[in-house]
Structure formats: C-alpha cells, structure tokens
Amino acid sequence: MFIYQIKFMLESELVAGFFTEHSSVPFVFFFLAEYASIVLFSCITSILFLGGYHMPELFINDSLINLQSIILGLKTCLFCFMFVWFRATLPRMRYDALIELCWLNLLPVCVAFIILVPSILIAFNISPY
C-alpha cells in the first residue's frame with residue numbers, strides 16, 4: 001500500500017507538478033500562453049492550408065461588407081475547435097512516456113527518412129535539379 005502511494009505521488013508530479021509552485025498570476029500566464037499558442041497555430045494553419053482569407057467560390061460578395069477577416073476568423077475557429085476536441089478526446093501521455101516515444105521511435109524514423117529520401121532521388125535520377 002505504501003508503494004502504491006509513492007507511485008501515485010510521483011505520477012502526479014510528472015503530470016502537473018510545476019503548477020503547485022506557482023501562485024495565481026503565473027498560473028494564469030501559463031494557461032494564457034497555452035491557449036494563445038493554440039490560436040496562433042490555428043491561424044497559421046488556416047492561412048497555409050485553407051487559403052487564409054479567400055472565400056470559396058460558392059457565392060459572390062456584392063455587398064459593401066468586407067468578409068475577409070470574418071472568413072479567416074471562421075477558419076481559425078474551426079481549427080481551434082478541432083485542436084481542443086482532439087486534446088480532450090485522446091488520452092494524455094505522461095512526460096516520461098512522451099520523451100521515450102520521441103527519442104526511441106520518432107527520432108530514428110526521422111533520421112532514416114532524411115537519409116532515405118535523398119538516396120532514392122539520387123538512385124533513380126529524379127532529383128529536382
């Protein structure tokens with residue numbers, strides 16, 4: 001029973017231990033920075049992958065109202081919703097398991113692709129230059 005309590009304490013330290021050392025204002029700044037990054041990445045993603053402020057050619061805007069900022073805001077809100085939805089749906093990994101996943105699985109795959117893709121391009125003489 002004592003070992004279970006120690007394990008539980010260590011797991012809670014790994015998940016949110018840094019929140020216990022901050023009072024109200026730094027705690028608010030942590031969460032404001034987190035949600036500001038969600039909005040920033042959503043806006044960048046909507047600009048890069050959904051055409052930014054361009055409207056789909058479903059209708060022509062003949063009014064005097066400029067809809068470009070509204071369209072960019074709607075696309076950004078769509079990505080913010082998806083971002084929060086995925087974070088709420090998927091299980092949260094512990095930090096030590098996440099670090100192990102990145103160092104032991106994802107990094108070797110990335111290095112292999114960095115070596116593999118140019119090798120295939122050179123071997124089959126399909127380089128873009």
Side-chain angles (χ1 to χ4, degrees):
M1 182 172 158
F2 181 69
I3 296 172
Y4 176 75
Q5 289 175 349
I6 291 175
K7 183 179 177 185
F8 181 71
M9 287 173 48
L10 291 175
E11 185 177 340
S12 67
E13 255 327 287
L14 284 174
V15 173
F18 58 95
F19 289 140
T20 60
E21 298 188 12
H22 300 293
S23 63
S24 60
V25 174
F27 184 75
V28 167
F29 283 148
F30 270 120
F31 279 97
L32 280 177
E34 186 175 350
Y35 287 115
S37 70
I38 290 173
V39 173
L40 177 70
F41 286 131
S42 298
C43 186
I44 290 172
T45 304
S46 65
I47 288 171
L48 290 177
F49 298 111
L50 288 183
Y53 59 84
H54 292 294
M55 184 173 14
E57 297 295 328
L58 299 176
F59 60 93
I60 297 172
N61 184 16
D62 290 333
S63 66
L64 297 174
I65 300 172
N66 190 0
L67 296 177
Q68 293 175 344
S69 60
I70 295 171
I71 291 171
L72 180 62
L74 287 174
K75 290 177 183 179
T76 302
C77 286
L78 174 74
F79 272 108
C80 285
F81 172 74
M82 288 178 20
F83 202 103
V84 172
W85 183 26
F86 288 155
R87 284 185 61 186
T89 304
L90 297 175
R92 185 172 63 182
M93 293 179 66
R94 290 191 338 231
Y95 290 134
D96 59 341
L98 187 64
I99 290 171
E100 183 178 338
L101 171 73
C102 291
W103 279 101
L104 298 180
N105 296 334
L106 297 179
L107 183 67
V109 169
C110 290
V111 171
F113 275 124
I114 288 172
I115 295 170
L116 180 70
V117 171
S119 301
I120 290 173
L121 292 176
I122 291 171
F124 292 110
N125 199 14
I126 52 175
S127 63
Y129 302 111

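Note that the coordinates shown come from a computational prediction; the quantities given were computed from them, not determined experimentally. Because only heavy atoms are used, hydrogens play no part in the values below, and waters and symmetry mates are left out as well, while side chains stay in.
By the criterion of side-chain heavy atoms lying less than 4.5 angstrom apart, applied directly or through intervening Ile, Leu, Val, Met, Phe, Trp or Tyr residues, Ile120 is grouped together with Val109 in one hydrophobic cluster.
Here the CG atom belonging to Asn105 is positioned 11.0 Å from the SG atom belonging to Cys110, to the nearest 0.5 angstrom. Taken from CG in Leu40 to CD1 in Ile38, the straight-line distance is 11.0 Å, to the nearest 0.5 Å.
Leu74 is linked by a side-chain contact (heavy atoms from CB on, under 4.5 Å) to Ile70, counting only residues two or more places apart in sequence or in another chain. Applying the side-chain contact (heavy atoms from CB on, under 4.5 Å) test to Val117 and every residue at least two apart in sequence or in another chain returns Phe113, Leu121. Taking Ile122 as the reference, nothing meets the side-chain contact (heavy atoms from CB on, under 4.5 Å) condition, with sequence neighbours excluded.
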Would you be so kind as to tabulate the donor-acceptor pairs closer than 3.5 Å made by side chains of residues 78-88, with sequence neighbours excluded?
residue	atom	partner	partner atom	Å
Arg87	NH1	Glu34	OE2	2.9
Arg87	NH2	Glu34	OE2	2.5

Please output the side-chain donor-acceptor pairs of residues 44-53 that fall under 3.5 Å, not counting sequence neighbours, one pair per line with the distance.
residue	atom	partner	partner atom	Å
Thr45	OG1	Phe41	O	2.6
Ser46	OG	Ser42	O	3.3
Ser46	OG	Cys43	O	2.9
Ser46	OG	Thr76	OG1	3.4

- Starting from the C-alpha separation in whole Å, work towards a yes-or-no answer on side chain to side chain contact (heavy atoms under 4.5 Å, CB included) for Leu72 and Gln68. CA-CA 6 Å; Leu72 180 62; Gln68 293 175 344; over 6 Å; no
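Other members of the cluster containing Ile99 are Trp103, Leu107, Val111, Ile115, with ILVMFWY side chains joined at under 4.5 Å, either directly or via other members.
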